[in-house]
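Below, read A as the first sequence line, B as the second, and so on, with proteins coming before strands; counting in each chain starts at 1. Treat the numbers as computed from the prediction; the structure is a model and nothing was measured.
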Amino acid sequence: MRDPRFAVVVFPGSNCDRDCLHVLRDVLGYAAQFVWHETEDLSGFDAVLLPGGFSYGDYLRPGAVAATSPVVRAVRRFASLGGLVLGVCNGFQVLTEAGLLPGALLRNRTPTFRCEWVHLRVERTDTPFTGLYAPGEVVRMPIAHGDGRYHAPREVLEELERQRQVVFRYVDAQGRTTLDANPNGSVHHIAGVVNAAGNVLGLMPHPERCSEEVLGGQDGRRLFESMHRWLRERAAVAAGRSG
Amino acid sequence: MTAATRRPDWEAVGLRREEYERVCGLLGREPNPTELRMFGVMWSEHCAYKHSRPYLRRLPTAGPGVLRGPGENAGVVEVAPGLAAALKVESHNHPSAVDPFHGAATGVGGILRDVLSMGARPVALLDSLRFGPPDDPQSRRLRDGVVAGISHYGNSVGVPVVGGEVLYEDCYRANPLVNVACVGLLPSSRVFTSAAAGPGNPVVYAGARTGRDGIGGASFASEELDEGSAEADRGAVQIGDPFAGKLLIEATLEALDTGAVVALQDMGAAGLTCAAAEMSARGGVGMVLHLDRVPRRERGMTPTEVLLSESQERMLLVVQRGREEEVLKAYRRWGLRAEVVGEVVAEPVLRVYDAGQLVVELPPSALTQAPTYRVPEQEPEARRALRDADLSGLPQPDLTEALLRVLRSPSVVGKRPIYTQYDHMVQLRTVVGPGADAAVLRLVEAPPRGIAVSVDGNGRIAYLDPWAGGAGAVCEATLNVACVGARPVAVTDGLNLGNPERPEVAWELAGVVDGIADACRVLGVPVVGGNVSLYNESERGAVYPTPVVVCLGVLEDVGCAVPTGFQKAGDLVVVVGSGQVSLGGSEYLRVAHGRVAGCPVRADLELHRRLVDVLVRAAQQGLLRSAHDLSEGGLAVALAEACVAGGVGARCQLSPELFGRRTDVALFGEGPSRVVVSVAPERYEAFAELCARSRVPIRLAGRVGGTDLRVQLAEAEVVVPVEDLRSAWEAYR
């Protein structure tokens, strides 16, 4: 069985691209490589990561210019064919701007940039991204953003909640959704959402920043491991079917 | 206007009459107007170090690991076999006074490109900031603007801000200090130079296009600020574009990977003029430049404007002939402009054409050969009187109240609301981030090794005794690095003073440099580069002479990094190092008594060297549970901070025999070379023995535990719940 292959997109202005590649390739030993923002070809990949940063300078709105880039056109096709897409921070902003995920990310309530550790509650473990977490588990991850306040119209929110598309919520250490535990004012304390099909996840916290104990925690590592396991299982099922 | 009243041309560009005559002598003729403007900026204090160079020669610059010392764009020192760190600090004081956001942001951009010019990838930023008191709305506006500017540029460009310091004093109200330091990493075998070489090699301009911004910025930085500065000088402040800065880093590193680049330099102060002159002069060659090939943002720019523009995010490179396409391609792939704008020539001449017309022709070394000046040094009488002030009769306030007041003082209080605005984790190296004694970064290239960095300086001490301030800054920076367990390997210094033409400032400059030089010599730590910012004056007078020292240390194993806070109840609290303290220049004296006076303690440098060594060895042997240096606020504040950081109390009994009879001096007195550590009881004997062998004094002070900090000294007792310490320490405003 072929090992799942991960692509890490490099936009001009991405600055967590090298970090994501480091975790996937050097820490976890997965097959991973960069893809340039001008490519329209994602064939051969099983998962695509849109990393954090300030793609194209984020001049119009965060993620707005990237959403029209060749590689995001390719990501759209890739997602429609069932490939796994993970957008972290700026990558999440790109996915909402591209319409691959509902809602939008607005200026933080504070309204300054915030870089700190936060607690998250894992709301769903039946996604390709969260299979290795326990239901309702409280995990710690760093955030680093100025525009992370998740927002969506009421009917979209209701739909999101009904479809259980909220995957991560900001909580305190005890798992409660308190005002203080919400670092940016996100509606419904939303830190990460998945699309209705379940194969596109966006989140503001940085799992790649907490995949090694020496950096203060390892709770993010299981997100990548979940993706890897899910892809392997899918490949095994496919192999079994064709065999 | 008659000839008698017209301002002479040389004066208009900031030169003195004798300097103009020297220019004529070097050229053998009068310079044309464009050339005169070039001399004006290149011979400004900011570019030429006219008043500081004679002093800077005193600094020890050689050391076993030093690959590049001062004179290049950044110092370079080996930190692991085959791996080197580039290190540089630079000030952006004047621009930040006028436009705090853009002034600070471009300061970050400039320092990144200095480090990049050595061929290094920038991996960490630190900032050392000084403002007027935060209860003054204008000072708060400046501070918040500067922090936002650093945050804007650093975050976007993806280089973490891992540490820094923010101190407040009246003297910085109209003239804030913004010093930004950068550390980069590069292979030891691939240290780049700015020295141009190889006649016939093309000269490549790369990066953002050239506009009219920042013209004369270097000259502006060499004048005092006055009331009109905010309006009149805004055009001299450059506007940074972190996106272009980020692309420039990636594209330049890719260009360097081609192996086709001979030399490179950032176009910073004095823009193209400075880069072309310095690169040529360092290489002993000349350059021919064609200004019409320089990518421009605006129409109708004159040759002078193109030559002097300080538009940001631009580099000048010398490339091997025939391989220019490889380099141009790297920049264009990242969407940046890159053009061949000239070539290296053997004859040492800088020849500049605009549309085929020769506009400048002069020897590059003339631009880099500004005169130096020595001003007679004179300690002001009033300063001596201030230092000799008798502090023995001061009334003693309520000590618990005093402790909380000092903790709440803006300079001491926790800076979390500032550093959470900076991305301090990007690049996945930050093992210990802002808020600790020193930041610790892992070296993924050489695990488990790491580097530690700290930036420190105390202007109040330097004001009372420049030598004590200079040496003290080196001591504090090296001690902070040693507290986390790293061995100091190099420092870089940023000096911020007033108008050097005044004998009093000359005296301060001499003392501060001597202090740094003496300390570095005894500690065996080389100064690999530095920055001098003078004319930091306003109508309110000069700033305190403010040396800031950035120390880089090497940690054998990042897993052994020692935390700041107390860790475990039952551990012994030990005060290590010098017993010499004074209220002179202390935070307590300022806060509780409203005075800046007294005689600060001068460092015992030999003892300091032994202390640093003991801390590094104790960390390696796993003898320390925590370590925290004593600085502003003395022992009481260090104990409080160790309690707050560890979330646990401590009970200390300070014997008057060891700590002195005057309680406020024992609690709040300041002096270099002092650390409070906690040690597991079973390790105490080994630690005490290590210290005894190295002749480093230790004083047992108490034990970690409980929910209060209790300090007993003679009849006095201070008892404060850790929660109260925390809320005082978190009272950021």
Side-chain angles (χ1 to χ4, degrees), chain A residues 10-23 25-27 34 36-38 51-60 62 65 69 88-90 108 110-118 141-147 183-184 205-217 220, chain B residues 121-123 144 147-148 150-162 241-251 253 313 333-336 416-435 440-445 447-448 450 557-561:
Chain A
V10 180
F11 294 109
S14 291
N15 59 29
C16 301
D17 44 348
R18 295 159 53 88
D19 297 355
C20 288
L21 189 73
H22 164 77
V23 168
R25 199 185 54 192
D26 306 338
V27 176
F34 286 135
W36 190 235
H37 65 113
E38 286 169 332
F54 293 76
S55 51
Y56 303 96
D58 271 356
Y59 283 120
L60 185 58
V65 180
S69 65
V88 174
C89 197
N90 188 234
N108 290 352
T110 28
T112 54
F113 189 96
R114 287 184 77 160
C115 175
E116 60 193 328
W117 287 84
V118 297
M141 286 193 200
I143 56 163
H145 59 247
D147 299 270
N184 50 31
H206 286 267
E208 81 281 7
R209 294 187 181 187
C210 49
S211 291
E212 296 165 88
E213 199 52 54
V214 67
L215 299 179
Chain B
R121 174 178 286 278
V123 299
D144 293 347
V147 169
I150 294 171
S151 158
H152 168 69
Y153 206 105
N155 296 345
S156 308
V157 85
V159 180
V161 178
V162 298
D241 175 359
F243 176 53
K246 165 71 173 166
L247 302 183
L248 194 66
I249 292 173
E250 298 303 332
L253 291 172
E313 290 91 25
R333 188 171 101 89
W334 286 94
L336 293 172
R416 188 181 154 81
I418 292 182
Y419 66 71
T420 51
Q421 295 182 50
Y422 305 141
D423 188 340
H424 48 267
M425 304 179 189
V426 64
Q427 295 199 25
L428 304 187
R429 294 181 180 278
T430 314
V431 173
V432 178
V440 176
L441 307 176
R442 64 168 171 172
L443 296 173
V444 279
E445 301 82 352
D557 181 352
V558 289
C560 297

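If you measure heavy-atom distances from Thr110(A) to chain B, you find no contacts under 4.5 Å at all. Within the 4.5 angstrom heavy-atom criterion, only side-chain atoms of Glu212(A), from C-beta onward, approach chain B. Interface residue Arg209(A): backbone and side-chain heavy atoms are both found under 4.5 Å from chain B. Proximity to chain A is limited to the side chain of Val444(B), based on heavy atoms less than 4.5 angstrom apart. In this structure, chain B has no heavy atom under 4.5 Å from any part of Val27(A). For a residue to count as touching a neighbouring chain, one of its non-hydrogen atoms must lie under 4.5 Å from one of that chain's; by this rule Leu428(B) touches chain A with backbone and side chain alike. Of the two parts of Thr430(B), only the backbone, made up of N, CA, C and O, holds a non-hydrogen atom closer than 4.5 Å to a non-hydrogen atom of chain A. With a 4.5 Å cut-off on non-hydrogen atoms, Val431(B) touches chain A through its backbone and its side chain both.
Looking at heavy atoms from C-beta onward, Asn15(A) lies in side-chain contact with Lys246(B) at the 4.5 angstrom threshold. Using a 4.5 Å heavy-atom threshold, the side chains of Arg442(B) and Leu215(A) count as touching. The shortest distance between side-chain heavy atoms of Trp36(A) and Arg333(B) falls below 4.5 Å.
Expressed to the nearest 0.5 Å, how far CG of Asn155(B) lies from CZ of Phe54(A) amounts to 5.5 Å. Rounded to the nearest 0.5 Å, atoms OH (Tyr419(B)) and CD (Glu116(A)) are 10.0 Å apart. The CZ atom of Arg429(B) sits 9.0 Å away from the NE2 atom of His22(A) when rounded to the nearest 0.5 Å. Rounding to the nearest 0.5 angstrom, the gap separating the CG atom in Asp423(B) from the SG atom in Cys16(A) is 6.5 Å.
For the set Pro142(A), Ala144(A), Cys115(A), Gly53(A), the entry with the most heavy-atom pairs within less than 4.5 Å of chain B is Cys115(A). Taking Val558(B), Asp241(B), Leu247(B) one by one and counting their heavy-atom pairs under 4.5 Å with chain A, the maximum is reached by Asp241(B). Interface remark: of the candidates Arg121(B), Glu250(B), Gln427(B), His152(B), Arg121(B) forms the most heavy-atom pairs closer than 4.5 Å to chain A.
The two atoms that bring Phe113(A) and Tyr422(B) nearest to each other are CE2-C, 4.4 Å, heavy atoms only.
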- Task: Give the intermediate values and the outcome of side chain to side chain contact (heavy atoms under 4.5 Å, CB included) for residues Trp117(A) and Met425(B).
- Result: CA-CA 10 Å; Trp117(A) 287 84; Met425(B) 304 179 189; 3.6 Å; yes
